[in-house]
Amino acid sequence: MTKTRSLLRSILYVPGANARALEKSDGLAADGIIYDLEDAVAPEAKGPSREKLREHLAASRFPGLKIVRINPIETREGTEDLLMARGSGIDAVLLPKVEDGDMLEAAARALDEMDAPAGLRLWAMIETPRGIARAEKIARKGVRGRLSAFVVGTNDIRLATDIQPDAGRTELLPWLMQIVLAAKANGLYVLDGVFGDLRDGEGLRLECAAGRRMGFDGKTLIHPAQIDPANAAFGPSEAEIGEAEAIVAAFERPDNAGRGVIQLDGRMVERLHLTQARRVLLRRDEIATRSFETPSNDA
Ligand SMILES: CC(C)(COP(=O)(O)OP(=O)(O)OC[C@H]1O[C@@H](n2cnc3c(N)ncnc32)[C@H](O)[C@@H]1OP(=O)(O)O)[C@@H](O)C(=O)NCCC(=O)NCCSC(=O)C[C@H](O)C(=O)O
Ligand SMILES: [Mg+2]
């Protein structure tokens with residue numbers, strides 16, 4: 001499977017109940033917006049927020065990915081949210097607290113029965129102990145349906161487990177890597193959890209950099225000021241672009257034609273590095289044109 005990486009560096013949560021934030025979100029440089037109808041909306045505001053969001057989406061000119069996080073699908077609010085979301089021109093529905101593949105199967109079946117567009121994907125939040133423990137099974141079952149991404153919910157993980165990780169998230173790392181591995185093994189995108197301290201710019205930068213090293217495709221965010229740091233951390237750096245250009249140029253030299261492995265600046269470079277280098281340049285070009293594509297398992 002050749003996988004073109006779509007831009008998922010910065011995915012901002014916007015509360016469905018906040019008219020000012022919804023209005024502002026249209027002009028932000030995030031790669032995607034998660035319009036939240038779940039935790040960011042008080043129980044009494046669920047219905048009005050859904051209607052507000054319906055109107056907003058109908059008029060929205062946001063050029064990136066649009067995702068709606070619905071309430072649990074087994075609740076009346078969740079079903080109403082899904083009905084609204086399926087006809088609103090969005091790219092994906094984000095399901096909270098996914099704990100088994102059956103939840104994804106039920107959501108995919110509901111979307112089929114609602115005649116939702118085939119390209120409407122499901123994203124799954126992995127944010128409970130059961131969800132983490134079963135991440136690989138969930139991914140394997142989900143990709144047979146509409147699933148295309150995992151989103152980590154570190155706040156709910158903390159709530160459910162009482163884990164109190166240090167600033168480097170040392171204690172969380174095994175669980176985060178388990179989720180990343182389950183996603184990668186099944187061709188899913190995977191997004192890191194939110195960073196809650198709005199005043200700690202350096203902490204955010206470090207957590208974004210760590211997330212990138214861990215293999216996350218991007219970070220979920222809660223405030224517009226977090227977009228630029230996430231875009232910088234998850235986009236290829238100048239150094240990565242320079243190195244990728246050098247690798248592509250080296251393999252294009254006539255004396256290297258047909259060679260599987262070469263030496264470049266004292267390092268062994270194989271054709272798999274050429275594949276990686278092309279990916280970096282593709283991301284550079286995607287960012288330059290800011291062309292947004294709907295992620296899919298086989299895009
Ligand atoms: C945290 C906030 C409540 C802070 O909002 P506010 O006090 O208004 O901040 P500022 O004054 O600094 O805002 C400056 C301007 O930016 C706009 N703004 C703020 N946040 C957003 C946003 N998310 N999207 C769009 N625009 C935003 C303000 O309106 C101001 O605009 P202006 O008037 O023009 O100056 C707020 O940031 C917020 O609500 N953030 C999102 C919270 C949220 O969605 N939480 C739920 C998702 S996180 C989660 O659940 C993860 C997961 O499930 C888990 O378990 O971990
Ligand atoms: Mg959560």
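Whatever order the structure lists ligands and atoms in, that order sets their numbers, starting from 1. Counting begins at 1 with the first residue of the sequence.
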Q) In ligand 1, which numbered atoms sit nearer than 4.0 Å to a non-hydrogen atom of Val14? A) 24 (N)
Q. For atom 15 (C) of ligand 1, what's the nearest protein heavy atom and its distance?
A. Lys24 CE, 3.9 Å
Q.
One residue to check: Arg69. Relative to ligand 1, which of side chain, backbone, both or neither has a non-hydrogen atom less than 4.0 Å away?
A. side chain
Q: Please confirm whether Val152 comes within less than 3.5 Å of ligand 1 when only nitrogen or oxygen atoms on both sides are compared.
A: no
**Q.** Any protein heavy atom < 4.0 Å from atom 9 (O) of ligand 1
**A.** yes
Q) Is the shortest distance from atom 23 (N) of ligand 1 to a protein heavy atom below 4.0 Å? A) yes
(Q) When you compare the side chains of Asn155 and Glu127, does any donor N or O come within less than 3.5 Å of an acceptor on the partner? (A) no
Q | Flag: protein heavy atom within less than 4.0 Å of atom 34 (O) of ligand 1 | A | yes
Q. Who gets closest to atom 13 (O) of ligand 1 by heavy atom: Lys97, Glu23, His223, Gln226?
A. His223
Q) Within a distance of under 4.0 Å, is there any protein heavy atom near atom 50 (O) of ligand 1? A) yes
Q.
When you measure from atom 3 (C) of ligand 1 to the protein, is at least one non-hydrogen atom found at a distance under 4.0 Å?
A. no
Q: Check Ser25 against ligand 1 and report side chain, backbone, both or neither, counting heavy atoms closer than 4.0 Å.
A: neither
Q.
Tell me the nearest of Pro15, Gly16, Ala21 to atom 25 (C) of ligand 1, using heavy-atom distances.
A. Ala21
Q) Is there a donor-acceptor contact under 3.5 Å linking the side chains of Asn71 and Thr75? A) no
Q | Option with minimal heavy-atom separation from atom 56 (O) of ligand 1, where the choices are Thr220, Asn155, Leu94 | A | Asn155
Q) Under the ring-ring contact (aromatic ring centres under 6.0 Å, His included) criterion, do His273 and Phe251 qualify, and how do the steps go? A) CA-CA 10 Å; His273 297 111; Phe251 272 106; 8.8 Å; no
Q | Numbered atoms of ligand 1 (with element) below 4.0 Å of Pro224, judged on heavy atoms | A | 16 (O), 18 (N), 19 (C), 20 (N), 21 (C), 22 (C), 26 (N), 27 (C)
(Q) Below 4.0 Å, non-hydrogen atoms only: which portion of Met125 touches ligand 1? Side chain, backbone, both or neither. (A) side chain
Q: Heavy-atom contacts with Asp36 under 4.0 Å: which atoms of ligand 1 show up? List them by number with element.
A: 46 (C), 47 (C)
